[in-house]
Amino acid sequence: MPDLLVRPIRWERHVLRVLDQRILPLREVYRDCRTAPQVAEAIRSMTLRGAPLIGCAAAYGLALAVRRGGRKALKPAAKLLLASRPTAVNLAHAVDRMVRAAEKFSETELKNGLEKAATDYFEEDLEAGRRMAKFGAALIPRRARILTYCNAGALATAGIGTAVGVIVEAFRQGKVEHVYPCETRPFMQGSRLTLWELMKAGIPSTLITDNMAAHLMKTTRIDAVIVGSDRIAANADVCNKIGTYALAIAARHHGVPFLVAAPLSTVDMNCPHGGKIPIENRDPREVLEVGGRRMAPKGARARHFAFDVTPAGLVSAIVTEAGVVKPASGPGLRRLLKIAPK
Ligand code: MRU
């Protein structure tokens, strides 16, 4: 089975081509980004999404900025990209990496140098996915029935994905019996994106609505819940798509291991605990409507928190490209960061 069943971004002749995830799986359309503001808008509008992929796109966004506007364009573009979405720390990680790379290049080297730095960043994430998949698959028992949430697959990264990457690798090893992706209201990353990826990979899967998860854990054998993350704090609190916290509580209640797969670019050692992670507030209309069709009464109010934080104590293990922290802990993360290749 090839590694890359889906390519959410492509870098072609100084253009970033972005697969529009808002209209998947019904239509596969690539939108061209030729400027940093276009990349920032693609991130803001969720044309592309998923923490590691947001970082990769931002890296290419900075390469586009200097190609058009030279070194002076770097800072404003970095500011714009950083403001596009607040929660996934991979965005800041990528921007920081690119700004530091730019400092090392002469004026003549800058354009091609930053383009290569962005491609290196992308390839690093791709390799991190492969490594995470191997580490994570080792935690999956035989004949596993796995529940997953949101989309932490190829569509969210440069490569095979994080949580879905682990599932795909475990499936290749003959260990996966069945996967249950939750729909993931309101953007439906689970039903539109994860299920699409699982079906492409030929993995037996059945869609459930978000509010079926606890019932399923109670009435069926579920061997693991595995999710991705947008930011992991220094104490190993895990921020991920809204609804993840409730899944972790249900998993603990039913004695189901709750696994998180994320590259080290998702770990924010400057953030002491989950309470300090900025939670994105999105347009309440996304909650009031389903598929663009109004569902709530006229004049109704809604909140749309896009993420929540699962306390480290509920996380059985964090799988990274440098190894596994089991159970999740700050000291465990620090140890992995020290041994990780720079
Ligand atoms: O709002 P999204 O779709 O960008 O949220 C994505 C998630 O919450 C994913 O689980 C997370 O980014 C990990 S992706 C490997």
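In listed order, ligands and their atoms are each counted from 1. Everything numeric in this text was worked out from a predicted model, so none of it was measured.
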R10 NZ/CZ over Y30 ring centroid, <6.0 Å and within 45° of normal: yes
Contacts of type ring-ring contact (aromatic ring centres under 6.0 Å, His included), residue F122, not counting sequence neighbours: none
Counterpart residues, ring-ring contact (aromatic ring centres under 6.0 Å, His included), relative to Y149 (two or more places apart): none
Which ligand 1 atoms does [X] reach within 4.0 Å, using its non-hydrogen atoms?
{"X": "N240", "result": "7 (C), 8 (O), 9 (C), 10 (O), 11 (C)"}
{"X": "A51", "result": "12 (O), 14 (S)"}
{"X": "A152", "result": "14 (S), 15 (C)"}
{"X": "A156", "result": "14 (S), 15 (C)"}
{"X": "S229", "result": "11 (C), 13 (C)"}
{"X": "Q189", "result": "1 (O), 2 (P), 3 (O)"}
{"X": "R85", "result": "1 (O), 2 (P), 4 (O)"}
{"X": "G50", "result": "4 (O), 12 (O)"}

Would you say [X] touches ligand 1, if touching means a heavy atom closer than 4.0 Å?
{"X": "A88", "answer": "no"}
{"X": "V227", "answer": "no"}
{"X": "F307", "answer": "yes"}
{"X": "N151", "answer": "yes"}
{"X": "M46", "answer": "yes"}

Q21 side chain vs M46 backbone, donor-acceptor pair below 3.5 Å: no
Expected output: side-chain D268 to main-chain I232 donor-acceptor under 3.5 Å: no
Heavy atoms of other groups near M199 CE, more than 12 under 6.0 Å: no
Aromatic ring pairing Y60/W11, orientation class (parallel under 30°, perpendicular over 60°, tilted between): parallel
Selection from T162, I54, T194, T266 by shortest heavy-atom distance to atom 15 (C) of ligand 1: T162
Measure the distance from [atom] to every protein heavy atom, then report the residue, atom name and distance (to 0.1 Å) of the closest one.
{"atom": "atom 5 (O) of ligand 1", "answer": "K241 CE, 3.3 Å"}
{"atom": "atom 6 (C) of ligand 1", "answer": "R49 NH2, 3.5 Å"}
{"atom": "atom 7 (C) of ligand 1", "answer": "D230 OD1, 3.3 Å"}

Polar contact flag for Y149 and ligand 1 (N/O pairs, less than 3.5 Å): no
Polar atom proximity, G153 to ligand 1 (N or O, under 3.5 Å): no
